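Numbers restart at 1 for each chain; the letters A, B, ... are given by sequence-line order, proteins then strands. Note that the structure is a prediction, hence the values are computed from the model and not measured. Just so you know, these numbers use all the heavy atoms, side chains as well, and skip hydrogens, waters and symmetry mates.
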There are 2 protein chains.
Amino acid sequence: MTANSQIPPPPWQRLPDRQARRRREPISQEAIVSAAVRLLDREGLAALSMRRLAEELGTGAASLYWHVGSKDGLLDLVLDQVIGEGQVPDPDPARWREQLKDVARAQRRASLRHPYIVRISIGRIPMGPNALRYSERVLAILRAGGLPPRLAVQGYLLLIATVNGFTIDETGVTDGAPAGTGDSAGPDSAGPGDPASAQDAANMARDYIASLPRDLFPTMTGLADEFAFADADERFEMLIDIFVDGLARRAAANAAT
Amino acid sequence: MTANSQIPPPPWQRLPDRQARRRREPISQEAIVSAAVRLLDREGLAALSMRRLAEELGTGAASLYWHVGSKDGLLDLVLDQVIGEGQVPDPDPARWREQLKDVARAQRRASLRHPYIVRISIGRIPMGPNALRYSERVLAILRAGGLPPRLAVQGYLLLIATVNGFTIDETGVTDGAPAGTGDSAGPDSAGPGDPASAQDAANMARDYIASLPRDLFPTMTGLADEFAFADADERFEMLIDIFVDGLARRAAANAAT
DNA sequence: GCCCATGATAGAACACTGTTCGACAAGCGA
DNA sequence: TCGCTTGTCGAACAGTGTTCTATCATGGGC
């Protein structure tokens with residue numbers, strides 16, 4: 001808090017061999033969280049170990065514990081950081097249903113951009129600063145739409161759970177790294193969870209179901225072709241249509257009572 | 001390879017208790033799966049390790065691999081076994097919405113009876129014999145209700161995902177064992193995920209939210225009391241009401257088209 | 001200008017995990 | 001009786017999260 005901290009040091013004065021050790025970043029909590037997110041984005045949830053992360057930061061595993069307490073604490077911070085990426089529009093009462101769908105779509109996109117996040121969020125109640133700001137803005141939309149208090153809060157919580165239930169399936173076939181063994185193979189080279197391999201899996205399911213004995217599985221064999229329908233975007237639109245429609249109906253019924 | 005191996009050991013020298021070991025069950029795949037389910041029910045997901053399970057069966061960890069291939073393979077079998085507990089009624093076209101809700105309620109009850117199952121099911125497409133029989137019967141209900149093929153299949157899959165999204169929150173606060181450290185403390189002694197501690201957590205959330213600055217969080221502070229509403233049964237009924245209503249609406253719209 | 005408390009860094013170790021390897025034993029057909 | 005298949009399992013490997021402890025650097029007080 002002295003005046004010294006305001007004065008930037010001259011660029012030629014490199015103080016001791018700090019550079020060698022701390023060359024990347026002075027290993028603050030934020031630096032650790034950012035590095036963790038980068039590592040997770042790059043190599044997936046299974047690749048995140050304390051040793052690996054420390055190596056990434058040019059330090060030792062035990063040092064991280066001074067800043068984040070435990071791996072669980074680190075994941076709490078990672079979750080809040082990713083939630084902080086989300087943008088929620090100002091409420092427009094006439095368009096609350098479409099705005100709510102947009103929120104759901106944005107949540108799904110975030111879960112696809114960081115496929116590990118939905119698994120991290122299991123068993124974690126997001127209460128970090130970013131999560132609070134996010135909730136405030138979504139709830140403002142629902143209240144502006146005229147939903148009564150209970151339905152607004154429960155509708156918000158249930159929507160999150162519903163979207164998570166969907167994206168778990170979408171991102172969860174394996175927990176592998178995105179595409180390849182670590183080289184820069186590009187983000188679209190047939191990793192697990194991408195549309196192409198999802199379609200392959202759906203085709204395999206269809207063929208298997210179609211091959212079942214018709215007398216034991218009359219309904220399923222008749223519906224086999226539908227199991228090949230794996231357009232995730234359309235499936236998701238179907239889900240939030242069903243949910244928001246049902247929610248609006250219940251809101252109308254509540255208002256009438 | 002010496003002659004020593006030919007000499008029978010004296011009868012009083014009982015080398016490991018072969019009899020005592022294999023008396024339970026001759027360690028078949030089914031015996032392993034049953035023991036795994038028992039262990040999971042008793043001590044939770046975190047307690048299931050191959051060594052621990054082998055000990056439970058009076059054998060060595062490596063032996064299990066002969067029957068189940070890997071821990072992942074074992075979990076596949078556990079999932080199918082639990083799905084096999086479910087009972088689905090014969091279709092009654094006039095009551096398809098109520099029947100579908102019953103299916104959802106039964107799935108939730110199974111997830112509460114085996115709190116680990118929803119976490120196991122992540123990233124696993126249930127295609128075992130029991131899962132197939134189960135799907136056949138649920139789809140029969142939806143088809144009897146008049147839903148077109150696509151809406152029947154997608155409605156079924158989305159319902160499962162929705163219920164999973166809900167029960168993940170319900171069972172997922174921690175992954176601890178049910179009640180106590182292993183002694184017979186009874187199944188209702190304030191483990192994580194039971195109604196009492198859920199209500200406590202909800203009260204804490206309400207108090208925290210109510211304490212936030214009103215100018216930054218006008219909506220949330222006004223809704224703080226609603227965050228104390230943690231009646232899981234009622235929340236679940238709300239969810240399946242919303243979902244089934246929305247599904248029925250979409251079915252009616254489809255039929256009109 | 002020195003000196004020590006304090007913030008920060010890590011090496012080493014602990015108790016685990018899933019999995020594999022290879023040696024071993026029992027049952028059985030030839 | 002031989003050989004072979006089926007099954008068992010102790011030991012080891014590479015990895016995990018976490019803790020203990022020793023060490024270092026630095027800033028404030030004397």
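Salt bridge annotation for A/Glu56-A/Arg38: absent, with no cationic side-chain nitrogen under 4.0 angstrom from a carboxylate oxygen.
For the OP1/OP2 pair of D/dC9 and a distance below 4.0 Å, the side-chain nitrogens and oxygens of B/Ser63 include at least one atom meeting the criterion. Under 4.0 angstrom from either OP1 or OP2 of D/dG7 there lies at least one side-chain N or O belonging to B/Trp66. Between A/His67 and C/dT9 there is a side-chain N or O to OP1 or OP2 distance below 4.0 Å. In this structure, A/Ser49 reaches the D/dT16 phosphate: one of its side-chain N or O atoms is under 4.0 Å from OP1 or OP2.
At least one donor-acceptor pair under 3.5 Å links the side chain of A/Arg119 to the backbone N or O of A/Thr171. A/Lys71 places a side-chain N or O within 3.5 Å of a backbone atom of A/Leu48 that can act as its donor or acceptor partner.
Residue-level contact check: B/Leu53 touches neither bases nor backbone, having no heavy atom under 4.0 Å from any strand. Among the heavy atoms of the strands lying under 4.0 Å from B/Leu48 are primed sugar atoms or P, OP1, OP2 only; no base atom is included.
Rounded to a whole Å, the CZ atom of B/Arg52 is 9 Å from the P atom of C/dT17. Regarding B/Lys71, its NZ atom lies at a distance of 12 Å from the C1' atom of C/dT19, rounded to whole Å. Protein atom CE of A/Met50 is 19 Å distant from nucleotide atom P of C/dA12, rounded to whole Å. Here the C1' atom of nucleotide C/dC16 and the CG atom of B/Leu45 are 16 Å apart, to the nearest Å. Distance A/Asp72 CG to D/dT16 C1': 14 Å, rounded to the nearest Å. Atom CG of A/Leu57 and atom C1' of C/dT9 are 13 Å apart (whole Å). Taking atom CG of residue B/Leu64 and atom C1' of nucleotide D/dC9, one finds them 10 Å apart after rounding to whole Å. The nearest whole Å value for the distance from the CZ atom in A/Arg51 to the C1' atom in C/dG11 is 11 Å.
Stacking of A/Arg108 on the aromatic ring of A/Phe236 is recorded, both the 6.0 Å distance cut-off and the 45° axial limit being met.
Of the candidates C/dT9, D/dC9, D/dT18, the closest approach to any side-chain atom of A/Ile27 belongs to C/dT9. Here D/dC9 is the nucleotide among D/dT8, D/dC9, C/dT19 with the atom lying nearest to any side-chain atom of B/Ala62.
In this structure the side chain of A/Asp41 reaches within 4.5 angstrom of the side chain of A/Tyr116, judged on heavy atoms.
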